[in-house]
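Contents: one structure, followed by commentary.
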Amino acid sequence: MQKLKPIFAWNNYNESTINLLYRDSEGKKKIHHINDFAWYFYIHENELNRPEVKQTLKFYEDKNVIISTESCSPFLKIYCIGDKYFNQVKYLLEKLKSYKSDIRESDLSLTKRYMVDNSIEIEDNLKIGFFDIETDDSNPGISIGRDQILSWAICDNTGKTKFQRLETYGDSNAETELIKNLIKEFIKYDVVASWNGKLFDMPYIVSRIEQLEITTKSDVPLHKSIFWKQFMHIDMMQQAIRMYGSNMTTIGLAGFSLNDVCKFFIGQTKVAHTESIIDLYKNNPEKFEEYNKQDTILLQKLNEKLGIVDLMIKECSWTGTFLNQFYVSELLDNYILRAAKKENIYFKSRPEWKNKEDVVEDDEEEKISIRGGFVMTPKLGLYDNVRVWDFRSLYPSTIITFNIGEDTLVKEISEQCKNEFNEWLGERKIEEVDFKEWDDFLKKENKKHNPDKKYIQTANNQFFRKKSPSLLAGLLKKLLDERKEYKKLQKEAKDGTPEYKNFKASQEAIKILANSLYGILADKKTRYFNPAVAEAITTTGQYINRTSIAIVSKMGYEVLYSDTDSQFLSIGNDKDISKIIEEVNEKLEKYIKKTYKPIEYFQLLQYEKTFRKFAMVDKKRYAGHLIMLDRKETDQVMIKGLETVRKTTIEFARRHINEMLNLILKEDKDENYMKKWITDLKQFVLNEEILPEDLAISIKISKPIADYKSKPIHVLLAEKLIKQNKMLETKAGRNTWGTLISYIITDGSGKKEGVVLDEYKGVWDRKYYWCTQIYAPMQRILEAIWPDGNWCEHDILTIEKEERIKAKKKIAEEKKLLLEEKKKQREAKKLTKRQLVLI
DNA sequence: GCGGACTGCTTACCT
DNA sequence: ACAGGTAAGCAGTCCGCG
């Protein structure tokens with residue numbers, strides 16, 4: 001029989017049957033059962049020499065929990081009666097863990113083990129339904145499951161919608177009918193997608209099902225335990241946050257409400273309404289229906305435009321992950337485990353999930369931190385002709401060039417070499433060390449530990465075998481090659497066609513996987529966590545960057561700044577930049593090849609952008625007039641890290657800092673011009689009226705109020721709003737989007753006092769706004785580019801403070817003088833008294 | 001009791 | 001529930017001074 005492609009697979013608690021959900025040739029959903037697959041884990045053979053381990057294994061063998069064993073030298077494969085969820089197996093594993101035994105892959109579920117071992121391909125032709133529910137909003141605030149569901153709508157991939165409305169308001173039988181029909185509808189699809197459905201729609205439906213006792217009534221299409229397995233649910237909002245959350249300000253996305261996202265990406269909005277939902281339901285059923293349907297249509301269109309779900313499906317089928325487990329770590333775990341299985345590499349078990357409360361203060365593992373990228377202390381100032389180039393995929397390339405991986409690491413000398421490195425480095429940070437000194441140290445160590453060049457040395461003084469590619473290097477090479485192929489195909493296909501979209505999704509999926517690979521090596525929660533290996537990558541990245549800086553400096557060019565994989569240089573426009581890059585690349589390649597003798601060289605600088613005028617303000621903070629980007633001419637002011645790109649900055653400051661940067665970078669205004677400009681602006685802020693929207697500070701509430709250890713003003717205001725039922729508590733979690741609190745500072749002199757925007761009564765602290773919100777960011781920029789400009793004269797608060805201190809000192813001195821005077825007088829009196837007595 | 005110095009928390013950014 | 005590096009503003013605390 002041809003291997004069937006499951007849509008989803010699972011095994012129930014304490015059962016050893018694997019259920020595969022699939023569609024037959026007629027497209028009908030079926031479940032295939034697998035009963036003959038035995039679960040197993042690995043234990044290192046050396047462990048068998050320990051009496052306590054031996055005894056434990058014997059004990060569970062006698063109890064028939066361990067069925068059989070098989071040698072997989074140097075490991076022993078132990079087959080059990082069920083997976084890690086079986087109580088008896090759980091006890092066995094707990095016992096072995098308590099002995100700190102070297103056990104491997106014991107955390108896999110039966111289903112995951114089966115999928116990995118058989119390299120089961122996952123169905124990627126999935127039927128998607130976009131849905132949304134409306135609920136009774138007559139009570140204040142939102143509370144999951146408190147009120148009735150009023151309707152549902154679902155939209156298929158072609159834009160066809162279905163809608164059902166609660167027939168009789170307040171009637172629980174009618175609501176039961178409504179929800180049953182929704183479930184029946186869900187089951188027709190493989191995936192149902194929603195907007196924020198993970199935190200709203202799904203829990204709401206589940207809660208209503210429980211309250212109405214729908215599952216205990218027998219005419220539901222499928223039994224309770226099984227109908228949720230008939231389809232998967234994904235939350236498109238979470239995925240949108242993953243994709244665009246990090247650069248929303250850069251691209252200009254206002255927020256992650258469905259309305260904001262749709263307005264931005266597809267230029268469409270939700271159905272506008274001023275009435276409450278319950279009002280619409282009761283008095284305007286047509287509009288109510290349109291409103292509910294429109295949300296699902298928007299989801300469908302959004303997916304068509306952005307390919308959100310397509311990309312997820314691609315990543316899932318590439319790695320062998322089911323959609324409802326769509327997390328980077330899970331995707332990569334499946335991908336790596338499948339490859340490792342073929343190479344007979346067994347990874348350690350994934351660490352136990354630790355609750356926040358369970359983390360011990362002195363946990364050694366928790367304290368380990370891994371060195372990251374190189375951030376050069378920038379040479380501040382205003383420059384002409386600044387060129388930027390960067391290393392293409394620095395970390396993947398480094399892994400390949402230096403053949404980095406747990407399997408290629410020379411463990412025998414790893415500890416000693418680490419100690420020697422730390423001893424040499426001492427208290428210094430690696431970026432403080434002179435490059436030549438670092439290079440010399442590495443050469444000395446290389447000679448000592450690697451005389452016949454069998455290994456390849458990394459910049460943290462670790463050694464990796466060269467004989468065959470590491471698992472990681474092999475995977476990455478495959479990924480990069482595949483991506484190249486898909487990129488080519490994408491280029492050949494016609495823009496907008498299904499093929500084009502398919503190739504695009506493929507190459508993007510691969511890019512995400514390749515770039516995330518390093519991350520899991522430095523993540524304590526994964527089985528791949530390995531400080532020596534992770535730091536081999538980052539430190540060597542730093543080293544390559546600094547080698548390049550050394551080469552460039554020797555060629556006579558000045559590197560102004562560098563962050564991880566990019567370099568900023570001031571190179572006149574009379575020079576041929578491509579030629580220079582070519583030369584640097586050649587020299588770098590020659591040097592790395594000569595010094596480290598890699599099997600394959602995989603580093604490449606590529607030309608990125610040119611700034612006509614450029615202001616270097618601080619680490620990770622700069623702005624410039626960009627005229628060339630990826631070999632295409634452009635004309636824009638690019639700003640990184642400065643207040644204008646931060647969403648906490650007030651609009652007034654954002655507008656004026658932008659204006660200021662435009663004047664300096666595009667219109668080449670000089671220092672004197674800007675001084676005048678600042679003086680005028682200060683007068684305006686201190687005397688004129690400013691709109692409240694321009695003064696509002698917006699800060700995100702990122703977690704439940706109780707989790708805050710200190711309570712700044714925005715948290716205090718949020719707390720008040722929550723108490724008044726005007727705002728929802730934020731849930732903990734990575735892919736949730738907290739609520740923004742917008743407020744205005746009424747008194748910024750001490751502990752900040754303020755009001756939320758809605759309650760603003762016209763009181764604002766002018767001096768605080770000028771000094772902290774508006775001028776401070778400007779001053780930092782101006783001081784960086786014209787350091788001798790006496791820019792502090794506009795910082796009123798600091799000046800006032802200094803004057804206060806001066807005045808105080810003066811008073812103190814006067815007092816002191818006065819006291820001394822009195823003392824003198826007293827003594828004089830005493831003297832005269834004594835003199836009198838004497839007389 | 002006041003205010004400066006310092007520390008730690010929080011947010012939001014960069015690669 | 002993929003990483004580390006960084007700036008900035010503020011709350012909270014400690015400590016010396018008077």
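These figures come from a predicted structure and were not determined experimentally. Here is how names work: the chains are called A, B, and so on, in the same order as the sequence lines, proteins then strands, and each is numbered from 1.
Note: CG (D523(A)) to P (dC2(C)) measures 7 Å, nearest angstrom. Rounded to a whole Å, the CD atom of E352(A) is 17 Å from the P atom of dA1(C). Per the geometry, CD1 belonging to I512(A) stands 16 Å off P belonging to dA3(C), to the nearest Å.
The aromatic rings of Y622(A) and F568(A) stand perpendicular to each other, their planes meeting at an angle above 60°, with 30° marking the opposite boundary. Ring orientation note: the planes of F435(A) and Y543(A) are tilted relative to one another, at an angle of 30° to 60°.
Around atom NZ of K198(A), no more than 12 heavy atoms belonging to other residues, nucleotides or ligands sit under 6.0 Å away.
Relative to the side chain of K709(A), the nucleotides dT10(B), dG5(C), dA11(C) differ in distance, and dT10(B) lies closest. Ranking dT11(B), dG12(C), dC2(C) by closeness to the R646(A) side chain, first place goes to dT11(B). Checked against dA3(C), dT10(B), dG4(C), the side chain of K525(A) finds its nearest nucleotide in dA3(C). Across dT6(C), dC2(C), dC9(B), the shortest atom-to-atom separation from the side chain of K620(A) is found for dT6(C). Ranking dC14(B), dA8(C), dA11(C) by closeness to the P712(A) side chain, first place goes to dA11(C). When distances are taken from the side chain of Y518(A) to each of dA3(C), dG9(C), dT10(B), the shortest belongs to dA3(C).
Contact between the side-chain N/O atoms of R780(A) and the OP1/OP2 oxygens of dG9(C) is found at a separation under 4.0 Å. Of the side-chain N and O atoms in Y768(A), one or more sit less than 4.0 angstrom from OP1 or OP2 of dC10(C). A close approach under 4.0 Å does not occur between any side-chain nitrogen or oxygen of Y708(A) and OP1 or OP2 of dG12(C). Between dC13(B) and K619(A), no contact under 4.0 Å exists linking OP1 or OP2 to a side-chain N or O. Phosphate contact (OP1/OP2 of dT11(B), side-chain N/O of H714(A), threshold under 4.0 Å): present. Remark: R621(A) is not in phosphate contact with dC14(B), judged by side-chain N or O atoms under 4.0 Å from OP1 or OP2. Regarding contacts with the backbone of dC2(C), a side-chain N or O of S329(A) is found under 4.0 angstrom from either OP1 or OP2. For K647(A) and dC13(B), the shortest distance from a side-chain N or O to OP1 or OP2 is below 4.0 Å.
In this structure, E482(A) has no salt bridge (Lys or Arg N to Asp or Glu O under 4.0 Å) partners at least two apart in sequence or on a different chain.
Here the separation of dT10(B) from dC2(C), taken at their C1' atoms, is 22 Å to the nearest Å.
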